[in-house]
Amino acid sequence: MQEKTTLTGQNAISVHAGTSQVNPAQGVNTPVYPSAAFGYLDTRENVYPRYYNTPNQQVVVEKLCQLEHAEAGLLTSSGMSAISTALMGLLKQGDHVLFQQDLYGGTFYFIEQEFPRMGIAYDFVDIHNPETMGQYLQPNTRLLYLETPSNPLLQITDIRLMVEWAKSHQLLTLIDNTFASPICQNPIDLGVDVVMHSGTKYLGGHSDLIFGVILTSHALMAPIRKVAVNLGGNINAQTCALIERSLKTLALRVRRQSENAGYIAAALHGHPLVRAVYYPGLPSHPGHAIAKVQMHHFGGMLSFEPNVEGYPAIERMMRKLQLIIPALSLGGVETLVCSPAKTSHIKLTPEARKQMGVSDELVRMSVGIEEPELLVEDILQALSE
Ligand SMILES: *Cc1c(COP(=O)(O)O)cnc(C)c1O
């Protein structure tokens, strides 16, 4: 890859960082190198897709490192691959880990099912009551794992406070930054050691790719990369080229999605057809003050509770939507809604859901890039009798 001067500006980085014009025809896009076999006689290191060092992998990693202010990155086959690989790379048998309570379901199932057989112990801590966290510390506690904004209530973790606490106890901090994307939040600037994304969401942005990324320092990437090579969660050159194309519009898309979410949150907040709106950009949101400090934009995710009773009314509303699509996943250019009680949180008992604040009427919304007034209109027509 040719050397580029350090770029500033999220759009300039999205478009230019890493992208290589080194090709005979001077095409402006990085050539796709679909090879699984690379010559080795004149190279410094052996190149092979599962070593995570092919040209198309490196281009994407360079963009993501610059966007997330990281020294080193690793592109993996899914968000869960990034999360499991990072945890396995940094932990060993006999270690103990602290996890933030409100975690992505897949992460929760990974630790519940796989940690016992690896001999790794863990506790869930209430990061909203830091004074209760000390009681979970053990001599073998290695790291603190965070996720903010959280799913589905968009709760905000005070990243700086958690990093300070972790550092004072010699713990590493890891964060799942999927909901914010690098455009809204850069945890490494706040002292976090390792950032992971499900690229399937905002980074891909068109609901047609599945990948993940780990971003950290050179020092911490060394043990993670070793495990990654053994696990083999790499992706091929064609997918890398699609990710590179997606990333060029990342800043454009996510800023528009954040603006749209802010518009919708304001329109629904206090509306007679809606009894609650959860969006960190609303001054009434309990995490608003912290979000304002640690986020550049409040993001494209919001949740709300229409003024109805019971899930059937929610399903009726979803079936009446004309522009918004009831579907799983998030982060794409199209606006999606889902019912957490019937999807991400369906395995929990109704009592457990209630305790977490996930009611049968809660609707989670991944806001797309459409005209926001059309989105509000669609929600209100679907809610009116
Ligand atoms: C989707 C998601 C993941 C898992 O990502 P996959 O690409 O589906 O493996 C992890 N964390 C969060 C917050 C997510 O939304």
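Take E309 and apply the salt bridge (Lys or Arg N to Asp or Glu O under 4.0 Å) test, not counting sequence neighbours, and it matches R275. Scored by the salt bridge (Lys or Arg N to Asp or Glu O under 4.0 Å) test, R160 finds no partners at all (sequence neighbours excluded). Remark: A352 engages L348, T349 in a side chain to side chain contact (heavy atoms under 4.5 Å, CB included) (not counting sequence neighbours). Residues passing the side chain to side chain contact (heavy atoms under 4.5 Å, CB included) test with Y263 are P372, E373, V376, sequence neighbours excluded. Applying the salt bridge (Lys or Arg N to Asp or Glu O under 4.0 Å) test to R142 and every residue at least two apart in sequence or in another chain returns D95.
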Checking Q26 against N23 for the side chain to side chain donor-acceptor pair (under 3.5 Å) test, could you report, in this order, the C-alpha distance in whole Å, the side-chain angles of both residues, the deciding distance, and whether it holds? CA-CA 5 Å; Q26 295 184 43; N23 60 82; over 6 Å; no
Apply ring pair (Phe, Tyr, Trp, His ring centres under 6.0 Å) to residues Y202 and F179 and explain how you reach the verdict. CA-CA 8 Å; Y202 286 102; F179 266 41; 7.7 Å; no
Please walk me through it: do T54 and N56 pass side chain to side chain donor-acceptor pair (under 3.5 Å)? CA-CA 6 Å; T54 62; N56 293 101; 5.7 Å; no
Is there a ring pair (Phe, Tyr, Trp, His ring centres under 6.0 Å) between F108 and F99 once you walk through the steps? CA-CA 9 Å; F108 178 80; F99 287 95; 9.2 Å; no
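When all heavy atoms are compared, the tightest approach of Q257 to G332 is NE2-O, 2.8 Å. The two residues I235 and I243 make their nearest non-hydrogen contact at CD1-CD1, 3.6 Å. L153 approaches Y278 most closely through the heavy-atom pair O-CB, 3.7 Å. Scanning all heavy atoms of the two residues, the minimum distance from H297 to I183 falls at CD2-O, 3.5 Å.
In this structure, V192 and N177 have side chains that are not in contact, with every pair of non-hydrogen atoms separated by 4.5 Å or more. For the pair N307/P272, no side-chain contact is recorded, criterion being any heavy-atom separation below 4.5 Å from C-beta on. For the pair P55/T30, no side-chain contact is recorded, criterion being any heavy-atom separation below 4.5 Å from C-beta on. Taking the side chain as every heavy atom from C-beta outward, M80 and T107 approach each other to under 4.5 Å. A 4.5 Å side-chain heavy-atom check between Q322 and E377 finds every atom pair outside the cut-off. Taking the side chain as every heavy atom from C-beta outward, K347 and Y109 approach each other to under 4.5 Å.
Tracing side-chain contacts under 4.5 Å through hydrophobic residues (I, L, V, M, F, W, Y), one reaches L143 starting from L74; they form part of the same cluster. Under the 4.5 Å side-chain contact rule for hydrophobic residues, L282 and F304 share a cluster.
In summary, the side chains of N11 and S14 do not present any donor paired with an acceptor at a separation below 3.5 Å, with no hydrogens or angles considered.
Between D193 atom CG and L90 atom CG the span is 9.0 Å, to the nearest 0.5 Å. Here the straight-line distance linking atom CD1 of I324 with atom CG of L374 works out to 10.0 Å at 0.5 Å rounding. We find the NE2-CG distance between H96 and L91 to be 11.0 Å, quoted to the nearest 0.5 Å. A distance of 9.0 Å separates NE2 of H197 from CG of L67, quoted to the nearest 0.5 Å.
Summarising the local packing, CD of Q135 is surrounded by more than 12 heavy atoms from other residues, nucleotides or ligands at distances under 6.0 Å. In this structure, Q355 places its CD atom where only 12 or fewer heavy-atom neighbours from other residues, nucleotides or ligands lie under 6.0 Å away. The environment of Q93 atom CD is sparse: at most 12 non-hydrogen atoms of other residues, nucleotides or ligands sit within 6.0 angstrom. More than 12 heavy atoms of other residues, nucleotides or ligands sit less than 6.0 Å from atom NZ of K320.
Partner of Q155 under the side chain to side chain donor-acceptor pair (under 3.5 Å) criterion, chosen from H285, H128, E147: H128.
Contacts classified as side chain to side chain donor-acceptor pair (under 3.5 Å) and involving residues 39-51 (residues at least two apart or in different chains) are not found.
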